[in-house]
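In what follows, chains are A, B, ... by sequence order, proteins preceding strands, each numbered from 1.
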Amino acid sequence: MSELYIRVAEEENEEPMEIPSEDDGTVLLSSVAAQFPGACGLRYRNPETQCMRGVRLVEGVLHPPENDWGNLVYIVNYPKDNKRKMEEIDAASVVKIKRGFQKTSDLIVLGLPWKTTEQDLKDYFSTFGEVIMVQVKRDAKTGNSKGFGFVRFTDYETQTKVIAQRHMIDGRWCDCKLPNSKVGWARLYHPMRSRKIFVGRCTEDMTTDDLRQYFMQYGEVTDVFIPKPFRAFAFVTFADDQVAQALCGEDLIIKGVSVHISNAEPKHNNIHQLFPNFPGGSASLAAMFDRSQYHFPSSHV
DNA sequence: GTTGAGCGTT
């Protein structure tokens, strides 16, 4: 007969947790790992010999000793007894999440059929997970599709899955990638702890109040500047430079539109002064700037 | 009224 639960703990003197067994009396390693991430097996102290014994593990299934789990407390095994390492990894992922590395980005969708609409994209990608935004890029005059678009998901896991595979959309194979505007080097090599961000791809209906209202959620906003006449970008200044820096590289949805946040820089900043020790020389970095998609405003300092 | 590697702005 089977137990409903067995008792499992990380150490002998710690409080055990009840882990469900299967109908045949076995316990799945995955059930253990669900409560003890990184677990690779179980052991227990043999009451007769007082020695630790391993629990038989076959293809992810833990088998009860003597066909009965009894009333023992089982201890979790970690790889190479590397429990400390596991805790460090856990801590690292928490930091990652807190720092927002798990936030989703817009993905570029390459190779779309000319006929594919945003509704088609939404329908297709919704099968992977919740979709925040889809776009099909079109010629402004003719309205014809340019054959690529963008998609943004709620969950990072969904994004990872979508990037990892090819997509058959309306009869063509398409690829989803992180767009070049997010390669990340600008973020890594940007030491100017500016309090001001550059908000690209603004639409004309975005007012200073809209932007202020939106960016307030991240921290105190001290200034919003929108060039007139309309130039499809804006500047937002925060009281805290860390807030500004944290937003750089992000794609944010404002009034249903994906805007791109980057560092606000005066155009005529001397790159050789900013990066005197850049690997390969500051000239190579200047070339990267030139080739990049980053456009810095010319009239605002 | 076309096209098929790329990179988002009225």
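In terms of heavy-atom proximity, A:Leu112 sits nearest to A:Phe148 at CD1-C, 3.8 Å.
Distance, A:Arg172 CZ to B:dA5 P: 8 Å, rounded to whole Å. Rounded to whole Å, the distance from CG on A:Leu178 to P on B:dG6 is 17 Å. A:Ile253 places its CD1 atom 12 Å from the C1' atom of B:dG8, with the value rounded to the nearest Å. Spacing between atom CD of A:Glu204 and atom P of B:dT9 amounts to 15 Å, rounded to whole angstrom units. Distance A:Leu112 CG to B:dC7 C1': 13 Å, rounded to the nearest Å. When the P atom of B:dG8 is taken as reference, atom CG of A:Leu121 falls 17 Å away, rounded to whole Å. Regarding A:Phe198, its CZ atom lies at a distance of 13 Å from the P atom of B:dG8, rounded to whole Å. The nearest whole Å value for the distance from the CH2 atom in A:Trp173 to the C1' atom in B:dA5 is 19 Å.
Remark: the backbone N or O of A:Phe238 is paired with a side-chain donor or acceptor of A:Arg195 at under 3.5 angstrom.
A:Asp139 and A:Lys146 are not joined by a salt bridge, as no carboxylate oxygen comes within less than 4.0 angstrom of a charged side-chain nitrogen. Salt bridge status for A:Arg7 with A:Glu18: absent, with no side-chain N to carboxylate O gap under 4.0 Å. Salt bridge absent: A:Asp241 and A:Lys196 never bring a charged side-chain N and a carboxylate O closer than 4.0 Å.
Checked by distance alone, A:Asp106 brings a side-chain donor or acceptor within 3.5 Å of a matching partner on the base of B:dG8.
For A:Trp114, taking side-chain heavy atoms from C-beta onward, the closest of the listed nucleotides B:dG8, B:dA5, B:dC7 is B:dA5. For A:Leu110, the side-chain atoms get nearest to B:dG6 when compared with the rest of B:dT9, B:dG6, B:dA5. The nucleotide whose nearest atom lies closest to any side-chain atom of A:Asp251 is, among B:dG8, B:dT3, B:dC7, B:dG8.
Within 4.0 Å (heavy atoms only), A:Pro229 reaches no atom of the nucleic acid at all. Residue A:Ser258 is in base contact, counting any heavy-atom pair closer than 4.0 Å across all strands shown. No engagement by A:Leu107 is indicated, since no non-hydrogen atom pair under 4.0 Å with the nucleic acid exists.
Nearest-nucleotide mapping onto DNA chain B: of A:Pro113 and A:Phe150, the residue sitting toward the 5' end is A:Pro113.
Non-hydrogen atoms lying under 4.0 Å from DNA chain B are contributed by A:Gln135, A:Lys137, A:Lys146, A:Gly147, A:Phe148, all within residues 122-149 of chain A.
Tested against A:Asp106 for a side-chain hydrogen bond (donor to acceptor under 3.5 Å, both in side chains), the candidates A:Gln159, A:His260, A:Arg152 yield a single pass: A:Arg152.
No aromatic stack links A:Phe230 and the base of B:dT10, using centre distance under 5.5 Å and interplanar angle under 30°.
Inspection of the A:Gln213 and A:Asp209 side chains reveals no N or O donor paired with an N or O acceptor under 3.5 Å.
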